[in-house]
Amino acid sequence: METFGLIGVWAYLVAATVAEVIVFYAFPASTLVNTSIGVLAASKAVLIVLYFMHLKYEPRSIQILIIPPAFLVVVLVLTMVFSLPH
Amino acid sequence: MTPEWLSGITGGSTAHLSAGGHSLTDSGYSAGHEGGHVSSRPISLSLGGTVTILGLSLLGYSFGLPIMIIGGVILIWAVVGWSRDDLREKFVFPPTVGERWPWTDVAKLKFGMWIFLTTEVVVFGSILGSYLFIRANFPNWPNPAEIHDLGLGLTNTIVLLTSSLTVVLAVHSIRDGHQRGLVLGLTATLLLGATFMAVKAAEWWELFNEAIPFNFTAGLPASVYYFTTGLHGAHVLGGMILAAYLIRKALNGGFSKENYVGVENFGLYWHFVDILWVFIFPLFYLI
């Protein structure tokens with residue numbers, strides 16, 4: 001990706017961050033608001049991994065390498081969120 | 001008696017095995033450079049880190065601090081020694097590309113960095129998962145907006161995102177053979193990292209000195225906040241030390257358009273630290 005494209009990714013990252021703050025101030029706390037903020041954060045992480053870390057252009061073996069830990073973390077987080085105290 | 005299949009690779013003093021375009025000789029690995037690829041520094045570094053963390057976990061006992069100091073000394077000795085070896089090109093790395101499927105087209109050093117990052121994903125995933133569990137089950141969790149300064153959090157997020165841009169521009173510069181762009185990019189990254197740490201320090205100072213101090217002993221919300229942001233800050237600090245080292249090496253002409261894997265790996269690490277903050281910011285300041 002050329003410099004102009006990288007700056008475009010950075011602009012999206014900053015805009016999404018500002019959007020997170022606007023959503024936080026504009027709407028009362030709710031599951032929908034929290035989910036929206038989470039989706040914005042996840043979209044930023046995906047762009048950083050794909051374009052800043054160049055994963056999009058890496059060999060398939062490297063791309064597959066990050067699937068197991070990502071899967072584990074998603075399972076772990078979902079388990080934690082929906083767990084009940086003992 | 002040497003078997004026939006073995007005689008071809010052991011006969012004579014100059015016998016060698018071909019390995020990925022390089023050769024294994026009687027005197028060890030030779031990759032067309034003067035140095036060898038064997039170094040004890042990674043082992044020293046791991047030992048120092050382990051002993052330091054062991055001491056840290058035993059701080060409640062009288063012998064915890066001495067163990068931590070010993071570990072710290074080993075750690076510093078290993079880091080300084082490794083960087084000196086590297087600057088003097090005392091050792092060189094073995095074949096740059098993996099030799100076995102499915103890694104035949106993967107640079108070994110970059111592969112190693114990705115493996116390291118996958119372990120970090122699990123470490124921080126566990127920490128953030130634990131935070132979410134506590135948060136979901138804690139009856140009176142304080143509103144983040146009442147505790148944390150959202151302006152400072154937002155500033156730090158933009159600072160760190162910008163540092164990711166500068167480091168990727170540094171990688172692209174040296175890939176095109178531009179030494180000046182590399183040094184400028186790394187220097188900007190270092191300065192932005194220092195800005196992040198300064199803002200974070202100001203934030204901690206502010207929280208410590210509130211009318212009702214939000215310090216290390218202020219309960220569970222404070223504990224998880226300081227642990228998570230503290231561990232992240234330690235990663236930023238580690239990245240800043242790496243950046244400073246890379247700047248020095250770059251000024252000595254240590255990188256070129258053919259040899260920049262160190263810069264590339266540093267970039268991967270720095271972006272990962274950035275991604276962590278991308279999740280820490282909303283989890284602790286917004287949600």
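Here is how names work: the chains are called A, B, and so on, in the same order as the sequence lines, proteins then strands, and each is numbered from 1.
- Among A/Val33, A/Val74, A/Leu55, the residue making the largest number of heavy-atom pairs under 4.5 Å with chain B is A/Leu55.
- Atom CG in B/Leu160 sits 11.0 Å away from atom CG in A/Leu13 (nearest 0.5 Å).
- Closest approach of B/Val122 to A/Pro69, counting heavy atoms only: CG2-CB, 3.9 Å.
- Here the closest heavy-atom approach between residue A/Met53 and residue B/Leu268 is recorded as CE-O, 3.5 Å.
- Only the side chain of B/Thr157 comes within contact range of chain A, with heavy atoms under 4.5 Å apart.
- To the nearest 0.5 angstrom, A/Glu20 atom CD is 6.5 Å from B/Phe281 atom CZ.
- Residue B/Ser126 touches chain A through both its backbone and its side chain, counting heavy-atom pairs closer than 4.5 Å.
- Most heavy-atom pairs under 4.5 Å with chain A, from the set B/Ile158, B/Leu128, B/Leu150: that is B/Leu150.
- Heavy atoms of A/Ala45 lying under 4.5 Å from chain B belong to its backbone as well as its side chain.
- Defined by atom type and a distance below 3.5 Å, a donor-acceptor pair is present between the side-chain atoms of A/Trp10 and B/Thr162.
- In this structure, CD1 on A/Ile37 lies 5.0 Å from CG on B/Leu286, to the nearest 0.5 angstrom.
- Only the side chain of A/Leu76 has a heavy atom closer than 4.5 Å to any heavy atom of chain B.
- The CH2 atom of B/Trp114 sits 7.0 Å away from atom CD1 of A/Ile62, with the distance rounded to the nearest 0.5 Å.
- Centroid-to-centroid, the aromatic rings of B/His172 and A/His54 come within less than 6.0 Å.
- The environment of CZ in A/Phe27 is sparse: at most 12 heavy-atom neighbours from other residues, nucleotides or ligands sit within 6.0 Å.
- A distance of 12.0 Å separates CD1 of B/Ile115 from CD1 of A/Ile66, quoted to the nearest 0.5 Å.
- The most heavy-atom pairs under 4.5 Å with chain A, out of B/Ser130, B/Ala145, B/Gly153, B/Ala136, come from B/Ser130.
- Using a 4.5 Å heavy-atom threshold, the side chains of A/Val49 and B/Phe272 count as separate.
- Here the side chains of A/Tyr51 and B/Val168 are not in contact, with every heavy-atom distance at 4.5 Å or above.
- Between A/Leu6 and B/Leu165 the shortest heavy-atom distance is O-CD1, 3.7 Å.
- Of all the heavy atoms in A/Thr17 and B/Leu154, the pair that sits closest is CG2-CD1, 3.5 Å.
- When all heavy atoms of A/Val77 and B/Gly129 are compared, the closest pair comes out as CG2-CA, 4.2 Å.
- When each of B/Leu169, B/Leu132, B/Ile275 is scored by its heavy-atom pairs under 4.5 Å with chain A, the top score falls to B/Ile275.
- If you take NZ on A/Lys44 and CZ on B/Phe279, they are separated by 9.0 Å, rounding to the nearest 0.5 Å.
- Residues B/Phe124 and A/Val73 fail the side-chain proximity criterion, which asks for heavy atoms closer than 4.5 Å.
- Heavy-atom distances place the side chain of A/Phe24, and not its backbone, under 4.5 Å from chain B.
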